[in-house]
Visitor: 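Pasting a structure here, questions to come.
Heavy-atom basis, side chains included; hydrogens, waters and symmetry copies ignored. Chain letters run A, B, ... following the sequence lines, proteins first, then strands; residues in each count from 1.
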Amino acid sequence: MAENDFDLQKLQEHNRNLEKIALEVAKNRPKEREKRGYISKDNYFLHNLAEKIAKIASKEFGQDISVDDVNLAPVPPKFTADIALRIPVLMKDIKAYNAELLPALQKALNSEKNDLGLTMVELVPPYLNLSLDFSVFGEEIIKSVVDLKNRYGENDDFKGKKVLIEYSSPNVAKSMHVGHLRTTIIGQVLSNVYEKCGYAVFRLNHLGDWGTQFGKVGVAYDLWKDERGELEGQENPVKYLAQLYADFNKEAKENEELNEKARNAFHALENNDVHMLSLWKKFYDCSLVEFEKMYKRMGVYFDSYLGESFYQDKMDKFIEEALEKNIAFKDGNAVVCDLTRNNPESKIPTFLLVKSDGATNYSTRDVAAFYYRKQYFKPDFAIYVVGSEQNLHLKQIFETVRQLGYQNGKEAVHVGFGQIKEGGKKISSRAGAGGLDDLLDFVVNEAYKNMKEEGRDFNEKELREIAEKVGIGALFYNDLQNAPAHNIDFDMERILSMKGKSGPYLQYSIVRGESILRKAGELADVKQINWQKADKLEKIEKDLLKKVAEFPAIIQTACKSCSPHHIAVYLNDLAQIFNHFHSVVHVIKSEGDLKEIRKYLVYISVQTLKNGLNMLNIPIPERM
RNA sequence: GCCCCCGUAGUUCAAUGGAUAGAACGACGGCCUCCUAAGCUGUAGAUACAGGUUCGAUUCCUGUCGGGGGUACCA
C-alpha cells in the first residue's frame, strides 16, 4: 500500500474523529445553553398585558382562559385605539362567540386599566379596542430594550429542550451553487431563532459524501486525469471535479457502459477498495476546504459534518430489522421497503433500501442517520431543511423509522422549501448563477459600484468591507423574505437594485440611526426622564414603540412555524416606520425630556433591527 | 395515471378564520440651506373560476382550470 493510500482503517479513524467532535458537542451544548441563560417573557409588556387580560377574563367568564387565546392585534387607522383584542378567539374554548358577554368584560378591564397600562377600553364588536397609556408603555418598552440589549426578543419557551437541525448538506465533489443557498440560509437562521427561544441547538451538515456520484467522479478521474492533470495541481479543485462529473454524465448518455463502471466503482468503495477510498478522501478533503471558505463568508457554521459516509458501516442492522418486521422484502439482491404492509393507510410508494447490485442508497443512510442521532444526540426535536422535491423521500424515512419503532410522535419535521426559479424556469446560467462563490462576488461587486457612483467618502479597504456586507445582505434578504414552501423568483436585477424592500434598506436604516445616536450625545439615565412627556409624542413615534413591542412575539411565530420570513417581513415594516419617523421628526433639534425620549426611540429601533438582522445572518455595516 | 406544493396589483412577495387585503419594483407627480436621498411622500392598481362550511373565508372543505415538483436501483 502506498503512503498516501487511504484504507478502511484510516476511514474508521476519520469517522471516529468526526464522531468524537459530534459527541462532545452533543454533551456540552445543553450546558453551554444553560450557562448562557434564558430571557423570561415577563420582560415583555405585551406578554404581561395578555396574562393580565387572561386572568381577568377567566374570572369574568368563570372558566380558565389561556394566555395564548388572548389575541392582540393592530388596529386599523380609522380607529384611535392602539391594540385590538379579538374576542371570538378569546372565547373559542368557552362557548360560541357571544356579544352579550362583551360589556361585562369591557367593564372589568376598564376598572383595571391603570394596572394594565391603558387609558381606555372601547367596545367595537367583535373587538375590544385598547388605548395605551404611553407614559407607561413608552417607559416599559424602552426599559426592556435597554435592559436586554442584544437579547431583546428572546424567550424561554423551550428551555431545557434540544433541537437538531440538518441543513446545507452539499454534495462533495460538486460545486456549491445557488440551489444550496436556501437550505443553507434557512437552516442557519432557524438555528439562530431556535436558540433565541431557549433550545440547545445542534447544527448538522449531512454531507453528501457517499453514493453513486463517487463512482462516477472516480471513474471519470481515472479515465481523464492524464489529459486533464491530477487533482493536486488544480487551481480550483472543486470546479475541476464538478466538471468531471458533468462531463461523465454527458458521456454516459451515449455510453451505458460508463454507468455500469460507476456503479461498480461505488460498490467497490462500499467494499472498502483502497484505490476508491483514496480517491474518496482526496475529493472529500478539497471539497471541505472549499465549503468552509464559503460558509465563513456567509457567517454559517456547523457543529458537525457527520455526512452520509459516516453511516456506511451502520446500515446492515436496519435492513435486517426491516426484513424481520415485514416492512421490507427481498427481491433478488435488492431489498424493497413496502410501508403499506403494516400500515395500508399510509399509501406510501415502495422504495429501495438495497439496490440490486447490493449497494445502499440515500434512504438507507437516512434511516441509519436518524437512528444514530436519536441514540447519541437524543434531540427533543429534529428539523430537516431539505428541498420540497424530497417530500416523498422524507415521508418515507419518517414512516420507516416509525414502523421500526424509533419514533413515536412528531419529533422530526421536514422544512421543505421551493426552488429558485428564473422567469418561471429552473435557474441556469446567467450572470453569477453558476457557482455560489461567483454569485456572491457578483452581488458584492454591484454594491461596490453603487457606492463608488454615489461618491461615498470611504477608502478602498472600507469600500470593499462594506460592499461585502451589503452584497451578502441583499442576497440573503431576497431569499429570506419568502415563505419557505414557495418557489422563489431569482431576479438578479431586483437584487442588484438594492432599493426598497431589501437587505440594504434595513442596513441603511440602522446606519442612519447610529449616525443620529453618535451626534445626539449620551443617552440620559432612564430613571431621570419624565415619562409623562411620552404622551406628547407624534403618532408615528407611538407607532414605532408599538412596532418594537411586537418583536418578541414575531420571534415566537417564526420559531413555531419554522418560517424565518416572518422576521424578514417584520423588520421591513419596522424600518419603514423608523424611516418615516426619521423624516418627520428631528431628534437633535428636539428639546428637554422629549429629546431624550426620542433618542431612546432611535436606540430601540436600531437595537431591534440589529437583533433581527443578526438572527437573519445578515451582516451590519457601521457605515455605508 | 397517482401523490405533494402553489395560484393575491403589470411584476416580485406579505397577510396566526376577523375591521378598509399590506409592501416593494415598475408608471406618473412632490421633497435634500435640516440627524447619510441605498431615504421620505402623493396617485392608479389585486384574492384564477364555481360551489360549500362559518356571525365572518385570501386563509378551511369539494370540484374545475393553470403553474411547479415527485413517482424504487441519483442524492
Visitor: Between A:Q556 and A:D157, is there a side-chain donor-acceptor contact under 3.5 Å, judged purely by atom types and distance?
Guide: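 Their side chains do contain a donor-acceptor pair, which is all the 3.5 Å distance test asks for.
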Visitor: Per the atom types in the model, does the base of B:C35 pair as donor or acceptor with the side chain of A:S515 at under 3.5 Å?
Guide: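 Donor-acceptor pair under 3.5 Å: no.
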Visitor: Choose from B:A38, B:A72, B:A14 the nucleotide whose nearest atom is closest to any side-chain atom of A:N482.
Guide: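 My answer, after comparing the listed nucleotides, is B:A14.
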Visitor: Looking across every strand, which nucleic acid part, if any, lies under 4.0 Å from A:R263 by heavy atom: base, sugar-phosphate, or nothing?
Guide: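 The answer is sugar-phosphate, as A:R263 gets under 4.0 Å only of primed atoms, P, OP1 or OP2.
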Visitor: Are any of A:K519's side-chain N or O atoms less than 4.0 Å away from OP1 or OP2 of B:U36?
Guide: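 Result: yes.
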Visitor: Using a heavy-atom cut-off of under 4.0 Å over every strand shown, decide if A:V587 touches base, sugar-phosphate, or nothing.
Guide: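 Base: the residue A:V587, judged by heavy atoms under 4.0 Å, touches a nucleobase.
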Visitor: Using distance alone, with no hydrogens and no angle criterion, decide if A:N361 and A:K355 have a side-chain donor and acceptor under 3.5 Å apart.
Guide: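 The criterion, which ignores hydrogens and geometry beyond distance, is not satisfied for A:K355 and A:N361.
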Visitor: Of all the nucleotides listed (B:C40, B:C35, B:A72), which has the minimum atom distance to the side chain of A:F351?
Guide: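 Of the options given, the side chain of A:F351 lies nearest B:A72.
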Visitor: Any non-hydrogen side-chain atom of A:T400 less than 4.5 Å from a side-chain atom of A:C337?
Guide: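 Contact flag for A:T400/A:C337 side chains = yes.
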Visitor: B:A75, B:G70, B:A38: which one has an atom nearest the side-chain heavy atoms of A:L392?
Guide: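 Within the option list, the nearest is B:G70.
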Visitor: Nearest-Å distance, NE2 (A:H566) to C1' (B:A14)?
Guide: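 To the nearest whole Å, that distance equals 9 Å.
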Visitor: Considering every strand and a 4.0 Å limit on heavy-atom distances, what is the contact class for A:N572: base, sugar-phosphate, or nothing?
Guide: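 Answer is sugar-phosphate: A:N572 comes under 4.0 Å of backbone atoms only.
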Visitor: Any luck finding a side-chain donor-acceptor pair between A:D209 and A:S309 under 3.5 Å?
Guide: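 Yes.
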Visitor: Closest to the A:Q576 side chain: B:A19, B:A38, B:C40?
Guide: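 Per side-chain heavy atoms of A:Q576, the pick is B:C40.
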Visitor: Whole Å only: how far is the CG atom of A:N579 from the P atom of B:U36?
Guide: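 So the two atoms are 13 Å apart, to the nearest Å.
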Visitor: Could you tell me whether A:P349 contacts a base, only the sugar-phosphate backbone, or nothing, with contacts defined as non-hydrogen atoms closer than 4.0 Å?
Guide: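 If one applies the 4.0 Å heavy-atom cut-off, A:P349 turns out to touch nothing in the nucleic acid.
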Visitor: Any side-chain donor paired with an acceptor under 3.5 Å for A:N579 and A:Y508?
Guide: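 On atom types as modelled, these side chains do not qualify, holding no pair under 3.5 Å.
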Visitor: Select base, sugar-phosphate, or nothing to describe what A:G211 touches, counting heavy atoms under 4.0 Å on all strands.
Guide: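 A:G211: backbone/sugar contact only, no base atoms under 4.0 Å.
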Visitor: Would you say A:R365 reaches B:A75's phosphate, i.e. side-chain N/O to OP1/OP2 under 4.0 Å?
Guide: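 For B:A75, OP1/OP2 do have a side-chain N/O of A:R365 under 4.0 Å.
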Visitor: Between P on B:U36 and NE2 on A:H582, what's the gap in Å once rounded to a whole number?
Guide: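 Rounded to the whole Å, the gap is 6 Å.
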Visitor: May I ask which nucleotide in the shown strands pairs with B:G63, Watson-Crick or G-U wobble, both distances under 3.5 Å?
Guide: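 Pair assignment: B:G63 / B:C49.
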Visitor: Between B:U36, B:A72, B:C35, which nucleotide gets closest to the side-chain atoms of A:T350?
Guide: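 Between B:U36, B:A72, B:C35, the one nearest the side chain of A:T350 would be B:A72.
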Visitor: Does OP1 or OP2 of B:A75 have a side-chain N or O of A:T212 closer than 4.0 Å?
Guide: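 So the side-chain polar atoms of A:T212 do come within 4.0 Å of the phosphate oxygens OP1 or OP2 of B:A75, strictly under.
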Visitor: Looking only at the side chain of A:V75 (C-beta and beyond, no hydrogens), which of the listed nucleotides B:A19, B:U36, B:C73 gets closest?
Guide: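 Looking only at heavy atoms from C-beta outward on A:V75, the closest nucleotide is B:A19.
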Visitor: Just checking A:N129: base, sugar-phosphate only, or nothing, at a heavy-atom cut-off of under 4.0 Å?
Guide: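 A:N129: base contact, heavy atoms under 4.0 Å.
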Visitor: With heavy atoms under 4.0 Å as the rule, sort A:V585 into base, sugar-phosphate or nothing.
Guide: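 Counting heavy atoms under 4.0 Å across all strands, the contact made by A:V585 includes a base.
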Visitor: Look at A:Y362 and B:A75 and indicate whether a side-chain polar atom (N or O) is within less than 4.0 Å of OP1 or OP2.
Guide: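 No, no such contact exists.
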Visitor: Where does B:C49 fall, syn or anti, if syn means a chi angle no more than 90° from 0?
Guide: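 Judged by the O4'-C1' to base torsion, B:C49 sits in anti, the angle falling more than 90° away from 0.
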Visitor: Considering only the C1' atoms, how many Å lie between B:U12 and B:A46, rounded to the nearest integer?
Guide: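 My reading of the C1' atoms in B:U12 and B:A46 gives 13 Å.
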Visitor: How close or far is atom C1' of B:A37 from atom CE of A:M498, stated in whole angstroms?
Guide: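 Interatomic distance, CE of A:M498 to C1' of B:A37: 17 Å.
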Visitor: Work out how far the P atom of B:C6 is from that of B:A24, and round it to whole angstrom.
Guide: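 26 Å, rounded to whole Å.
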Visitor: Within the 4.0 Å heavy-atom criterion, would you say A:Q507 contacts the bases, only the backbone, or no part of the nucleic acid?
Guide: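 No contact.
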Visitor: Quick one: A:R623 CZ to B:C35 P, roughly how many Å, whole number?
Guide: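 After rounding, the reported distance stands at 16 Å.
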Visitor: If you look at every strand shown and take non-hydrogen atoms under 4.0 Å, does A:V602 touch a base, only sugar-phosphate, or nothing?
Guide: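 Counting heavy atoms under 4.0 Å across all strands, no contact is made by A:V602.
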Visitor: Answer yes or no: is there an ion pair linking A:R263 with A:E256, defined by an N-O contact shorter than 4.0 Å?
Guide: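 Yes.
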Visitor: So, OP1 or OP2 of B:A37: does either fall under 4.0 Å of a side-chain N or O from A:R512?
Guide: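 Yes, A:R512 has a side-chain N/O under 4.0 Å of OP1/OP2 on B:A37.
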Visitor: So, does A:H486 use its side chain to make a donor-acceptor pair with the main chain of A:I488 at under 3.5 Å?
Guide: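 Answer holds: no.
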Visitor: Of all the nucleotides listed (B:A38, B:A72, B:C35), which has the minimum atom distance to the side chain of A:V336?
Guide: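 Shortest atom-to-atom distance from the side chain points to B:A72.
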Visitor: B:C4, B:A15, B:C25: which one has an atom nearest the side-chain heavy atoms of A:N391?
Guide: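 So the nucleotide nearest the side chain must be B:C4.
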Visitor: In Watson-Crick or G-U wobble terms, both distances under 3.5 Å, what is the partner of B:A9?
Guide: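 In the structure as shown, B:A9 has no Watson-Crick or wobble partner.
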Visitor: Determine, for A:D543 against A:K547, whether the closest basic-nitrogen to carboxylate-oxygen distance falls under 4.0 angstrom.
Guide: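 Salt bridge flag = no for A:K547 with A:D543.
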Visitor: In whole Å, what is the span from the CZ atom of A:F417 to the C1' atom of B:G69?
Guide: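 Rounding to the nearest Å, CZ of A:F417 and C1' of B:G69 are 13 Å apart.
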Visitor: Nearest of B:G22, B:C40, B:A75 to any side-chain atom of A:K501?
Guide: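 Of the options given, the side chain of A:K501 lies nearest B:G22.
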Visitor: Please determine, for B:G1, whether a Watson-Crick or G-U wobble partner exists with both distances under 3.5 Å, and give it or none.
Guide: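 Across all strands, the one nucleotide that pairs with B:G1 is B:U71.
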Visitor: For a quick check of understanding: with a heavy-atom distance under 4.0 Å over all strands, which category does A:I488 fall into, base, sugar-phosphate or nothing?
Guide: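 Here A:I488 touches the backbone only, sparing every base.
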Visitor: Using a cut-off of 4.0 Å on non-hydrogen atoms, how would the nucleic acid contact of A:A359 be classed: base, sugar-phosphate, or nothing?
Guide: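 Answer is nothing: A:A359 stays at 4.0 Å or more from every strand.
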Visitor: For B:G68 and A:H486 - does any side-chain N or O of the residue sit under 4.0 Å from the phosphate oxygens OP1/OP2?
Guide: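 Checking A:H486 against B:G68: no side-chain N or O falls below 4.0 Å of OP1 or OP2.
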Visitor: Considering just the side-chain nitrogens and oxygens of A:H393, establish if one lies under 4.0 Å of OP1 or OP2 belonging to B:U71.
Guide: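 For A:H393, the contact criterion (side-chain N or O under 4.0 Å from OP1 or OP2 of B:U71) is not met.
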Visitor: Which is more 5' along RNA chain B, the nucleotide nearest A:L352 or the one nearest A:R456? Just name the residue.
Guide: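 Residue closer to the 5' terminus by nearest nucleotide: A:R456.
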Visitor: Output the rounded distance in Å from OH (A:Y505) to P (B:U36).
Guide: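 Answer to the nearest Å: 16 Å.
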Visitor: Please give the nucleotide sitting opposite B:G26 as a Watson-Crick or G-U wobble pair, both distances under 3.5 Å, or none.
Guide: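 Because no pair has both required distances under 3.5 Å, B:G26 counts as unpaired.
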Visitor: Just to be sure I understand the rule, does A:K78 reach a base, reach only the sugar-phosphate, or reach nothing, if contact means heavy atoms closer than 4.0 Å?
Guide: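 Counting heavy atoms under 4.0 Å across all strands, the contact made by A:K78 includes a base.
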Visitor: Figure out the CG/C1' separation between A:L394 and B:C4, and round it to whole Å.
Guide: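 Value for this atom pair: 13 Å.
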Visitor: Could you tell me whether the side chains of A:H206 and A:D366 share a donor-acceptor contact shorter than 3.5 Å?
Guide: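 Side chains of A:H206 and A:D366: pair found under 3.5 Å.
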